[in-house]
Chemist: 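Just passing along the structure, written as structure tokens.
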2 protein chains.
Amino acid sequence: MTPLTIHEAATTTGWSPRMLRYVEQLGLVDAPRSAAGYRLYGPAQLQRLRTLRELLETHGVELGDVGFALRLRKEPELADALDTWFDAAPRKPHDLPDADWLSFEQDKHQSLLSTRSTA
Amino acid sequence: MTPLTIHEAATTTGWSPRMLRYVEQLGLVDAPRSAAGYRLYGPAQLQRLRTLRELLETHGVELGDVGFALRLRKEPELADALDTWFDAAPRKPHDLPDADWLSFEQDKHQSLLSTRSTA
DNA sequence: ATAACCTTACCAGCGACGTGTCAGGGTAGC
DNA sequence: GCTACCCTGACACGTCGCTGGTAAGGTTAT
């Protein structure tokens with residue numbers, strides 16, 4: 001099986017050559033190179049390009065988003081920090097008495113439905 | 001402890017009121033409302049806003065990125081699809097003999113280091 | 001009741017992203 | 001050696017996200 005050149009790969013995957021280079025630049029699909037530096041697209045890359053396209057379409061995602069997801073995989077510290085932040089919602093900030101904290105937390109969840117005396 | 005208005009909260013957290021509304025719109029920090037519809041920022045929200053700011057600064061992340069991370073949490077199917085795609089790199093696309101596939105995969109990893117004869 | 005704040009909903013500028021295209025130079029096959 | 005392709009780098013243009021500002025109208029506290 002002969003690897004395809006970038007133009008051929010573009011034709012069969014629905015991307016443009018320009019976009020294939022861009023996708024590679026984002027670190028999403030990088031093609032091996034020939035000795036002369038030509039990108040060579042084998043079945044692995046073609047498959048990856050097609051499924052990538054499908055991913056974008058079916059989930060309404062942008063290339064940049066996938067790039068960010070990649071970054072999350074490469075920087076677990078970032079992923080951890082985000083997880084921590086998202087899960088930290090109901091955590092008390094250690095600088096006020098529990099009573100006040102808890103009462104406000106309750107307010108927070110009830111206020112949308114409750115009567116604010118001043119009204 | 002009295003919840004702060006949006007302007008006060010902005011002052012103490014370093015955001016602008018405009019941005020606090022935007023952050024809420026992204027679903028990252030939503031403040032409970034008074035009966036009249038005023039946003040009320042309590043310690044929980046203030047803490048969240050401060051840690052969010054810290055998160056952005058220390059990791060060089062944009063609000064939109066955090067918004068996307070939130071989307072990943074809300075749409076596990078998306079997260080799964082991305083995980084699958086990222087992990088699917090070394091999978092053979094069931095339409096060619098293993099030998100060819102494997103040899104090309106090896107090419108893929110060695111070509112960057114190989115001969116470069118023409119140089 | 002007046003001043004100062006809040007609300008939502010727009011418009012606007014700036015920069016980033018996505019994509020095309022071109023220029024200058026190398027490579028491959030006929 | 002021609003022709004058609006590849007490479008990188010750069011410019012260009014439309015769209016969109018981020019951020020500020022403003023307008024029209026309601027609320028709160030003095």
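It should be emphasised that the depicted structure is a prediction, and the values quoted were computed from it without experimental measurement. Below, chain A is the first sequence line, B the second, and so on; all start at residue 1.
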Chemist: Just to confirm, is there a sub-4.0 Å distance from OP1 or OP2 of C/dT27 to any side-chain nitrogen or oxygen of A/Arg39?
Modeler: no
Chemist: First locate atom CG of A/Asp30, then atom CZ of A/Arg48, and finally report the distance between them rounded to the nearest 0.5 Å.
Modeler: 8.5 Å
Chemist: When you compare the protein's N or O atoms with those of nucleotides 15-17 of chain D, which come within less than 3.5 Å of each other, and at what distance?
Modeler:
none

Chemist: Could you state the interatomic distance from NZ (B/Lys74) to CZ (A/Phe86), rounded to the nearest 0.5 Å?
Modeler: 9.0 Å
Chemist: Heavy atoms, side chains only, cut-off 4.5 Å: are A/Thr51 and B/Thr84 in contact?
Modeler: no
Chemist: Identify the pairs formed between an N or O of the protein and an N or O of nucleotides 23-26 of chain C at a distance under 3.5 Å, and give each distance.
Modeler:
residue	atom	partner	partner atom	Å
C/dG26	N2	A/Tyr38	OH	2.7

Chemist: Search all heavy atoms of A/Leu82 against all heavy atoms of A/Phe68 and return the closest pair with its distance.
Modeler: CD1-CZ, 4.2 Å
Chemist: If the test is side-chain contact (heavy atoms from CB on, under 4.5 Å), which one of A/Leu20, A/Thr5, A/Thr12 qualifies with A/Tyr41?
Modeler: A/Leu20
Chemist: Could you check how far CD of A/Gln25 sits from P of D/dA10, rounded to whole Å?
Modeler: 12 Å
Chemist: Got a sec? Which of residues 5-21 of chain A come in under 4.0 Å of DNA chain D, heavy atoms?
Modeler: A/Thr5, A/Ile6, A/His7, A/Arg18, A/Arg21
Chemist: Measure the CD1-CD distance between A/Ile6 and A/Glu24 for me, rounded to the nearest 0.5 Å.
Modeler: 7.5 Å
Chemist: Who pairs with B/Leu56 by side-chain contact (heavy atoms from CB on, under 4.5 Å), at least two apart in sequence or on another chain?
Modeler: B/Trp15, B/Leu52, B/Val61, B/Leu63, B/Val66
Chemist: Is there a side-chain contact between B/Gln45 and B/Leu40, using heavy atoms and a 4.5 Å cut-off?
Modeler: no
Chemist: For the pair made of CG in B/Leu4 and P in C/dC5, what is the distance, rounded to whole Å?
Modeler: 14 Å
Chemist: Restricting to side-chain contact (heavy atoms from CB on, under 4.5 Å), what partner residues turn up for A/Ser16, sequence neighbours left out?
Modeler: A/Arg18, A/Met19
Chemist: In whole angstroms, how far is the P atom of D/dC5 from the CZ atom of A/Arg33?
Modeler: 19 Å
Chemist: Any side-chain hydrogen bond (donor to acceptor under 3.5 Å, both in side chains) involving residues 57-68 of chain A? Give me the pairs, sequence neighbours left out, ordered by first then second residue.
Modeler: A/Arg53-A/Glu57
Chemist: Can B/Leu55 be reached from B/Leu72 by stepping across I, L, V, M, F, W or Y side chains whose heavy atoms are under 4.5 Å apart?
Modeler: yes
Chemist: To the nearest angstrom, how far is A/Leu40 atom CG from D/dC7 atom C1'?
Modeler: 13 Å
Chemist: Mind calculating the distance between CG (B/Asp30) and P (C/dT7) to the nearest angstrom?
Modeler: 13 Å
